[in-house]
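These numbers come from the heavy atoms of this one structure, side chains and all, not from hydrogens, waters or symmetry mates.
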Amino acid sequence: MNKISRRKFFKYSALASTSLLIPSFLNGLQANELINSPRLQKLMAGGKKLIIVQLSGGNDGLNTVIPFRNDIYYSLRPRLSISEDKIVKLNDEIGLNPQMGKLKEIFDKGNLSIINNVGYPNPDRSHFRSMDIWQSGSGSDNFLNTGWIGRYLDSECETCKNPYSAIEVDSLLTLAMKGQKKSGIAVEDPKRFYMNSSERFLLDIAKNNKHDHEDTNVSYLYKTLIETTSSADYVYENSRIYKSKLEYPNSQFGKNLKTIAEMIISNIDTTVYYVSMTGFDTHVNQLGRQDKLLKELSEGLYSLTEDLRQNQKLNEVMIMTFSEFGRRVKENGSGGTDHGTANNIFLIGGDLKSPGSYNSMPDLDDLENGDLKYEIDFRNIYATLLNKWLDADDKLVLGDQFSYLNFV
């Protein structure tokens, strides 16, 4: 291995692997070329933005959006059910968890749509497999190594050379953001990302090694570093334009939402943002644990929404929350719930066609082996977001035609 020592190669491979995982580098694409896709230029020039919020672990949807008029809910959850007097009521039938008062404010402003009974055929209760299904946008009988956002980039950004078209606010890139030719970029903190990639040695490599190397691994690293230094400079410089003065939850999730707000309001050329919140696998002592998480989620989404609203950006943004599955309807013997199937998702935006409760709550009289029956395939939601919001070819991205919903 020449031009770079083995020790330094592995040192900087660590930086590259946690910031950019983009197969397109192997095709020799250069970071400093301009985006010349007219369709994507239109989207990025103040166009529509999508924020995906992943609730990892399988959030209990029945204690999030609560059917407080349903006696079965209380009979199957004698310890976990939440009494009517504590619930944040949305109408005469359903309400939110008591910790989600801030989400109720979003609801009251007409900026929240709740879609119930979302899932897919032949559901899988494994965290890893079900998350792969949601992130890849596949059926339970298909195994894909690309994600639905990654394939969106493949199809809509064919000549786009900038990985910051999609940003995951994290240190690692999930499957959802990885395409066959294009992928997003993982940026947890723009300043730290910039400082790490601005080390003199990295800049020298990026400047002096722009051509293919005889060693494939070294060639990949060179091209990754070119993209890293270019993207880090752009993201850092532009993200400093706006600094939020609103109070976000004092947590990593809250900081990540604030980062997304600052990027959007600073007009960074990014179409999709992805962020995760962990801890929803509540097999034991669910009430206190989930309450804390839902409070953080609710307050974080409220601050994000208000930041966007106050800066005239809310109509340009759609926020979608999801979890890999819901929980069983009946509580377990440990004060918690076990892995289930269908769940609810939240859609938040300033231009919703169907704010409120989009469809009926789960039928607790008609369960399948103790689980909720799904009514809406999650790929119907993906297809709608791709086609109606991002102006993309949803059939090409998802590999099949799915009917659209009327939320946008």
Side-chain angles (χ1 to χ4, degrees), residues 16-31 33-44 47-52 54 128 131-139 142-187 216 219-221 223-228 230-231 234-235 268-276 318 320 322 378-379 381-387 389-402:
S17 65
T18 58
S19 59
L20 292 172
L21 298 172
I22 306 178
S24 61
F25 295 136
L26 299 177
N27 298 323
L29 300 179
Q30 298 300 313
E33 292 182 30
L34 296 175
I35 295 175
N36 53 20
S37 167
R39 194 176 193 185
L40 205 62
Q41 282 181 334
K42 179 185 71 174
L43 290 172
M44 290 182 169
K48 301 297 179 62
K49 313 290 184 183
L50 174 64
I51 303 173
I52 302 168
Q54 174 181 303
F128 304 105
M131 187 61 81
D132 277 354
I133 291 168
W134 275 84
Q135 289 189 358
S136 65
S138 68
N142 295 324
F143 292 81
L144 303 180
N145 59 9
T146 58
W148 72 289
I149 296 301
R151 295 196 303 278
Y152 159 73
L153 296 176
D154 282 344
S155 65
E156 299 300 311
C157 193
E158 184 176 351
T159 56
C160 178
K161 310 303 185 295
N162 294 314
Y164 50 77
S165 301
I167 290 179
E168 181 160 1
V169 185
D170 204 335
S171 58
L172 296 172
L173 209 60
T174 61
L175 173 64
M177 303 286 275
K178 299 177 186 178
Q180 190 66 40
K181 299 177 181 178
K182 304 285 186 299
S183 294
I185 183 173
V187 182
T216 302
S219 181
Y220 175 86
L221 177 60
K223 290 172 177 124
T224 301
L225 290 176
I226 291 170
E227 291 279 4
T228 300
S230 174
S231 298
Y234 172 83
V235 171
I268 286 183
D269 287 344
T270 299
T271 303
V272 180
Y273 295 88
Y274 200 102
V275 63
S276 298
M318 183 72 69
M320 182 193 79
F322 82 96
F378 73 96
R379 290 165 293 182
I381 298 171
Y382 286 5
T384 306
L385 290 170
L386 289 165
N387 185 279
W389 189 252
L390 296 180
D391 192 29
D393 186 339
D394 56 289
K395 185 175 181 180
L396 180 62
V397 173
L398 298 176
D400 204 347
Q401 186 67 64
F402 295 91

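Using a 4.5 Å heavy-atom threshold, the side chains of Ile52 and Tyr273 count as separate. By the 4.5 Å heavy-atom criterion applied to side chains, Tyr274 and Val169 are not counted as neighbours. With a 4.5 Å cut-off on side-chain heavy atoms, Leu385 and Leu390 do not count as touching. Trp148 places a side-chain heavy atom less than 4.5 Å from the side chain of Leu386. At a threshold of 4.5 Å between non-hydrogen side-chain atoms, the residues Ile51 and Met318 do not count as touching. Within the 4.5 Å cutoff, the side chain of Ser155 has heavy atoms near those of the Leu396 side chain. Side-chain contact check for Met177 versus Ser183: every heavy-atom pair is 4.5 Å or farther apart. Put simply, the side chain of Glu156 does not reach to within 4.5 Å of the side chain of Asp391, judged on heavy atoms.
Taking CG of Asp400 as the start and CG of Asp394 as the end, the distance is 10.0 Å to the nearest 0.5 Å. Summarising the geometry, atom CG belonging to Leu173 is positioned 9.0 Å from atom CD1 belonging to Ile185; distances are rounded to the nearest 0.5 Å. Leu175 CG to Leu144 CG: the interatomic distance, rounded to the nearest 0.5 Å, is 8.0 Å. Distance check: Ile167 CD1 to Ile268 CD1 gives 5.5 Å after rounding to the nearest 0.5 Å. Between the CZ atom in Phe143 and the CG atom in Asp132 there is a gap of 8.5 Å [rounded to 0.5 Å]. Once rounded to the nearest 0.5 Å, the distance linking CD of Gln135 with CD of Gln54 reads 5.0 Å.
For Leu153 against Ser165, the heavy-atom pair with the smallest separation is CD2-CB, 3.9 Å. Between Ile133 and Gly139, the closest heavy-atom pair is CG1-O, 4.2 Å. Of all the heavy atoms in Ala166 and Ile149, the pair that sits closest is CB-CG2, 4.2 Å.
Listed for the Arg379 side chain is no donor-acceptor partner under 3.5 Å among the backbone atoms of Trp134. Under a 3.5 Å cut-off, the side chain of Thr146 and the backbone N or O of Lys178 do not form any donor-acceptor pair. Although no hydrogens or angles enter the test, the distance criterion places no donor-acceptor pair under 3.5 Å between the side chain of Arg151 and the main chain of Gly179. Although no hydrogens or angles enter the test, the distance criterion places no donor-acceptor pair under 3.5 Å between the side chain of Lys182 and the main chain of Gly150. Counting only distance, with no hydrogens or angles, the side chain of Glu168 and the backbone of Thr174 share a donor-acceptor pair below 3.5 Å.
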Going through the distances and angles, do Met131 and Phe322 end up as a side-chain contact (heavy atoms from CB on, under 4.5 Å)? CA-CA 10 Å; Met131 187 61 81; Phe322 82 96; 3.9 Å; yes

